[in-house]
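Since we're looking at a predicted model, the values are computed, not measured. Residue numbers begin at 1 in each chain, while the letters A, B, ... track the order of the sequences. The basis for the numbers below is simple: all heavy atoms, side chains too, and nothing from hydrogens, waters or symmetry mates.
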There are 2 protein chains.
Amino acid sequence: MARTQSTQYPILGLLCIKPLSGYDLRAEIEGTLNSFWRESEGQIYPTLRMLEETGQIVRIEGQRKQARERQVYAITDLGRQRLRAWIAEEPRMQSPRNEFLLKVWMMRHGPEGAVLAHIRQHRQQVAIRMAAAAELQTLVERNRSFPDFPVWQTLFRYGALMREAELAWCDETLAALEPLERREAKAATCTRKGKKLIEQR
Amino acid sequence: MARTQSTQYPILGLLCIKPLSGYDLRAEIEGTLNSFWRESEGQIYPTLRMLEETGQIVRIEGQRKQARERQVYAITDLGRQRLRAWIAEEPRMQSPRNEFLLKVWMMRHGPEGAVLAHIRQHRQQVAIRMAAAAELQTLVERNRSFPDFPVWQTLFRYGALMREAELAWCDETLAALEPLERREAKAATCTRKGKKLIEQR
DNA sequence: TGGCGCATGTAAAGAGTTACATGATTCC
DNA sequence: GGAATCATGTAACTCTTTACATGCGCCA
C-alpha cells in the first residue's frame, strides 16, 4: 500500500472559496499555492471524477455532452466535512528529498566548481522567487477585508523568512567554500601533473 | 515516463566514503542524511542489485551462499564516474508538497484551533530536531581534519538557519492568529446559537 | 528458550510524472 | 484562415511506500 492520495485536498480547499473548473484549479495551484504545493496535470482530472463519484463535489456547469466543454465544480457538504476531518489530522511531515543539498554534501566527488555553480544558480533562483512573491503580495494586499487575509499574510511571511535564510546561507557558503575549492583545485592540478609524469615514464 | 530514479546517488555517495552493507546504508541515510534525504527500506536492496549488475559497485564481502549473510559493497571507478556526472547536472528543484502549510492555508475550513495545535506541535518538533542536530554536530566536530568537514559544517549551518526561521515563524504566527481565532470562535458560537433558535421554530 | 537487534529481502498496490491527443474559442 | 489560448482528458511507466517473510547470533 502506498500512502493515501493527497491531491484531493487542495482541490477541495480551493472549491471552498468558489466553484472552479479543472483548468482553473490547475492555474490556481500553479499560481497561488506553488510555494508549498504542486500538482501534476495528469492528476487533477481523475481526482475530480473520483470526488464527483463519491459525492464530495458536484458539477454545476457543463454536461459533458459537448466534447471539451468547460466543467465547473462546486464543493458539497460531504466534501466540506471530509476536508474538515483531514485538516484536523496531524500533518504528515514531508520527508525531504533535496537533490540540491545532496549534491552539496557530495561536492568533493563531483567536478571542480560544479556544485559552487549550482549554489550560485540556486541563489539567483531564490532571488527571483522572492521578487515574484513580493509582487503577488501587493496584489493580495487589495483584498485586506477578505476573511482569509490574515492567514495568507502568515504564509507570505513564511516564504519570506525561508528565502531570506536561504540567501544568507548561499552567501555564507560561497564565501566559505570558494577559497577552499580554489586551493584544492590547485593541489589536484599538481597531483595530476605528477601522475602524468609518472605515467609517461 | 516518470522521473529518473534518484535512490542510487546517495548510495554511491556513501560508498565513496567507505564500503558498506545495505543495512549500514539504511542506517547512515537515516542517521546522517536525514535532514535532507530519506530512503525507504524497500528501495535500497533492489537498487544495490541494479548497481552491481551495471558494474557501478562490487560485492567485497559475503557470497550470498548463506542466507541472510552480510553483503558489503564498494564503489567502482565506473560508479564514481557516474556519480561525478550526476553531480555536475543541474539539480532538479524539489517541487514542494508541504501538508503542514497546506493545512495552515485552509485553517478556516478546519475545526477551531486544530491548525493552531498543529503549529504548536510543529514548533516543538523543530525544537527537538534542533537539539538533535546540535548533538550530531558536536560529534562531527571531532573529525575536524576530515576533508569533507567544511562541507558538513555548511550543511549543519543550513539546517540551523532553516530551523531558526521556522521557529521564528511559528512564534509570530501563533501570536498573530491566536487572538483572531478566539474572536471568530465566539462569533461562530453566536451564529450557531442563532441557527438553532431558527431551526427550533 | 525466548526475545531482541542485526540483516536481507519480496510483493502488492497505488501515487505521481511525463508526454501526448483532441477539440473549442478568440483574436488578428 | 491560422495561431494562440482555453480546456479536458488518456496512457505508459516507474518510483515509492508499506507490510510482510525469513533467519542468524547473542545474552539473560
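Counting to the nearest Å, the C1' atom of dG9(C) and the CG atom of Leu25(B) are 15 Å from each other. One interatomic measurement links the two molecules: CD of Glu61(A) to P of dA7(D), which rounds to 10 Å at whole-angstrom precision. Atom pair Glu52(B):CD and dG9(C):P shows a separation of 9 Å (rounding to whole Å applied). Nucleotide dA7(C) holds its C1' atom 16 Å from the CD1 atom of Ile29(B), rounded to whole Å. dT22(C) atom C1' lies 13 Å from atom CD of Glu41(A), rounded to whole Å. Met50(B) places its CE atom 12 Å from the C1' atom of dT14(D), with the value rounded to the nearest Å. One interatomic measurement links the two molecules: CD of Gln43(A) to P of dT10(D), which rounds to 13 Å at whole-angstrom precision. For the pair Arg97(A) CZ and dG16(C) P, the interatomic distance rounds to 14 Å; values are reported in whole Å.
With hydrogens and angles disregarded, a donor-acceptor distance shorter than 3.5 Å links the side chain of His118(A) to the backbone of Glu89(B). Side chain of Asn143(B) to main chain of Phe146(B): no donor-acceptor pair is present (N/O by atom type, distance under 3.5 Å, no hydrogens or angles).
Residue Arg82(A) holds its CZ atom at 11.0 Å from CD1 of Ile75(A), rounded to the nearest 0.5 Å.
Proximity note for Tyr45(B) (side chain, C-beta onward) versus dG9(C), dT18(D), dA7(D): the nearest is dG9(C). Listed candidates were dT18(D), dG16(C), dG9(D). Nearest to the side chain of Thr7(A) is dG16(C). Of the candidate nucleotides dG9(C), dC6(D), dT17(C), dC6(D) has the atom nearest to the side chain of Tyr23(A). Of the candidates dA7(D), dT17(D), dT10(C), the closest approach to any side-chain atom of Asp24(A) belongs to dA7(D).
Atom CD of Gln124(B) is surrounded by 12 or fewer heavy atoms from other residues, nucleotides or ligands within 6.0 Å.
The side-chain heavy atoms of Leu12(A) and Trp86(A), taken from C-beta on, include no pair separated by under 4.5 Å.
Note on Gly42(A): a base of the nucleic acid sits closer than 4.0 angstrom, heavy atoms only.
When the side-chain nitrogen and oxygen atoms of Ser6(A) are compared with OP1 and OP2 of dG16(C), one or more of them lie within a distance under 4.0 Å.
Nearer to the 5' terminus of DNA chain D, by closest-nucleotide assignment, is the contact made by Arg70(A) (compared with the other of Arg70(A) and Arg49(A)).
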